[in-house]
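Everything on this sheet refers to the single structure shown next.
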Amino acid sequence: DALTCELPVRSPALGASVRHFGRKFQLVSAPTRAKGVEDTAFYRYHRLISLNDVGGDPGEFGFPPAKFHRASAHRAKHWPHTMLATSTHDNQRSEDVRARIDVLSELPAGWRLRLRRWHRMNAARKAAVEDMPAPSRNDEYLLYQVLLGSFPPGEPDAAALDAWRSRIVEYMRKAMREAKMRTSWARVNEEYEAATAAFVNALLDPRPGNAFLEDLRVAAATVAWPGFLNSVAMVAVKYTSPGVPDCYQGNEMLDLSLVDPDNRRPVDYESRRELLDSLAALPDAPDEGRLREIFTASADGRAKLYVMWRLLALRKAREALFLEGDYTPVRTTGSHARHVLAFARRRGKACSVTIVPRLVATLGVKTAELPCGTIWGDTRVELPFIASDAQPRDVISGRALHLERRGLALAELLAAAPVAVLSC
């Protein structure tokens, strides 16, 4: 995902560069990158817009776990106290919006077919401005990804849809001006902007018979659930990886904000306090039914808050482990090994092990179904560095676990929660 590294370089020469893992990176001043890349190019190039965020590189279309492990080990060794931010006041799309859009990379064939259908379905809703369609095909493609990433959770009523539609109109106006293709801040093309706003309003009109909006609901549900699971996994990884995790306002729970000023709206902290109090009142090891209830409440994303709260308590109790501990990749085996990311933090005899699912859209998980229990089949995590008689405790579920053959079966480890963090 998007990551920015600020280096204390004194008076860098124009065009100077640095190398990291054999790849060259150009040194630019913050204003230069912001205006030339983040505030212009990122609004023009829309292959997968979850890649187009502050500090990101749309040319880096994901990378395998092995590269993630190498980068994490390098950070543990050289930058152990760097800030880990997944949403900020500068992001163009929040971490939860990006987590949804990421799901499209697992479903390219279905996404291609849906795009073709939507383009044909909505062609008549376009206007002609300066003898060209409005919006442009590129702006239309941006819009569809934004709609999927930010569609209101649950079953939104007419009022929720109307508020969301207004936000999308404002977002598209800003995006088009930043792109500087058919309109800009300096030379506003009011006719093009009005035509695009009318297009958005027609697409999202909640009146009966709007075939596009109904199809959008189905498509949004397809990516919303795997995207939610991605978000929960991201919290577990972020709060146990080398570095110091940062949570931007409101992202303790599900937050589907877009670029500012959308991501600077007032946060309902009172509801978050009340929910945290209810989670804190749970026993240390909640029963499986209660755990499943927490992790299937995708409409408000309380699972993010639950995982964050438990892991912050772990970090407080084992501060030295997370600030100074080494990073060790953990091997996974079995039929679904490619759908698991696992790593350990180790310092002396202390350790923690993080296990999260990945690529859940192609794992076979149905909507509102957790990637738990028998779905994992014979998949295991191998833990040879933990003593065979040890009883590691899963901080998320509160259960003590017994190792079998110096490892654990995921069907047992992830019995009721989709993520696990062992403390041993």
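Small disclaimer: the values here were computed from a predicted structure and weren't measured.
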- request: Look up atom CZ in F199 and atom CG in N122, then write down how far apart they are to the nearest 0.5 Å.
  value: 4.5 Å
- prompt: Does atom CZ of R406 have more than 12 heavy-atom neighbours, drawn from other residues, nucleotides or ligands, at distances under 6.0 Å?
  reply: yes
query: Are a donor atom and an acceptor atom from the side chains of K304 and S231 found within less than 3.5 Å of each other?
result: no
- prompt: Does the side chain of S257 pick up a donor-acceptor pair with the side chain of D255 at under 3.5 Å?
  reply: yes
- prompt: Are R114 and D215 ion-paired here, with the side-chain N under 4.0 Å from a carboxylate O?
  reply: yes
query: So, E412 and R399, do they make that salt bridge, N to O below 4.0 Å?
result: yes
task: Please confirm whether the backbone N or O of S150 pairs with a side-chain atom of W164, one donor and one acceptor, at under 3.5 Å?
output: yes
- prompt: After noting the C-alpha distance and the side-chain angles of R100 and F151, does the key distance pass the side-chain contact (heavy atoms from CB on, under 4.5 Å) rule?
  reply: CA-CA 10 Å; R100 280 189 183 183; F151 192 87; 3.8 Å; yes
statement: Those residues at least two apart in sequence (or on a different chain) that pass ring-ring contact (aromatic ring centres under 6.0 Å, His included) with H78 are H74
task: Over all heavy atoms of both residues, which pair between R358 and R338 is shortest? Give the atoms and the distance, please.
output: NH1-O, 2.6 Å
task: Of all the heavy-atom pairs spanning A285 and G398, show the shortest one and how long it is.
output: CB-O, 3.7 Å
- prompt: Does some side-chain heavy atom of P245 sit less than 4.5 Å from a side-chain heavy atom of R315?
  reply: yes
- request: State plainly whether the residues E404 and R380 are in salt-bridge range, i.e. N to O under 4.0 Å.
  value: no
message: Below 30° counts as parallel, above 60° as perpendicular, anything between as tilted: where do the rings of Y248 and H89 land?
response: tilted
query: So which heavy atom on D53 is nearest to which on N91, and how close?
result: OD1-CA, 3.1 Å
Residue pair L408 / L403: nearest heavy atoms and the distance that separates them: CD2-CA, 4.1 Å
query: Is the shortest distance from a Lys or Arg side-chain nitrogen in E270 or R273 to a carboxylate oxygen in the other one below 4.0 Å?
result: yes
field: Charged N-O contact under 4.0 Å between D262 and K174
entry: no
query: Going by atom types only, do S352 and R318 share a side-chain donor-acceptor pair under 3.5 Å?
result: no
- request: Indicate whether any N or O donor in one side chain lies under 3.5 Å from an N or O acceptor in the other, for R310 and Y306.
  value: yes
message: Keeping K238 on the side-chain end and M308 on the backbone end, is there a donor-acceptor pair under 3.5 Å?
response: no
query: So, are R217 and E214 salt-bridged, with charged N and O less than 4.0 Å apart?
result: yes
- request: Check R44 against N138 and note the closest heavy-atom contact, atom names and distance.
  value: O-ND2, 2.7 Å
statement: Per side-chain contact (heavy atoms from CB on, under 4.5 Å), R272 is matched among L275, D268, L276 by D268
message: Could you report the tightest heavy-atom contact between L161 and P156, atom names first, then the distance?
response: CD2-CG, 3.9 Å
- prompt: When rounded to the nearest 0.5 angstrom, what is the spacing between CG in L51 and CG in D102?
  reply: 7.0 Å
field: Plane angle bin for F212 and Y144 - parallel if under 30°, tilted between 30 and 60°, otherwise perpendicular
entry: tilted
message: If the test is side-chain hydrogen bond (donor to acceptor under 3.5 Å, both in side chains), which one of R345, H69, R346, K77 qualifies with Y327?
response: H69
task: Using modelled atom types only, decide if a donor and an acceptor are shared between the side chain of D246 and the backbone of M83 within a distance under 3.5 Å.
output: no
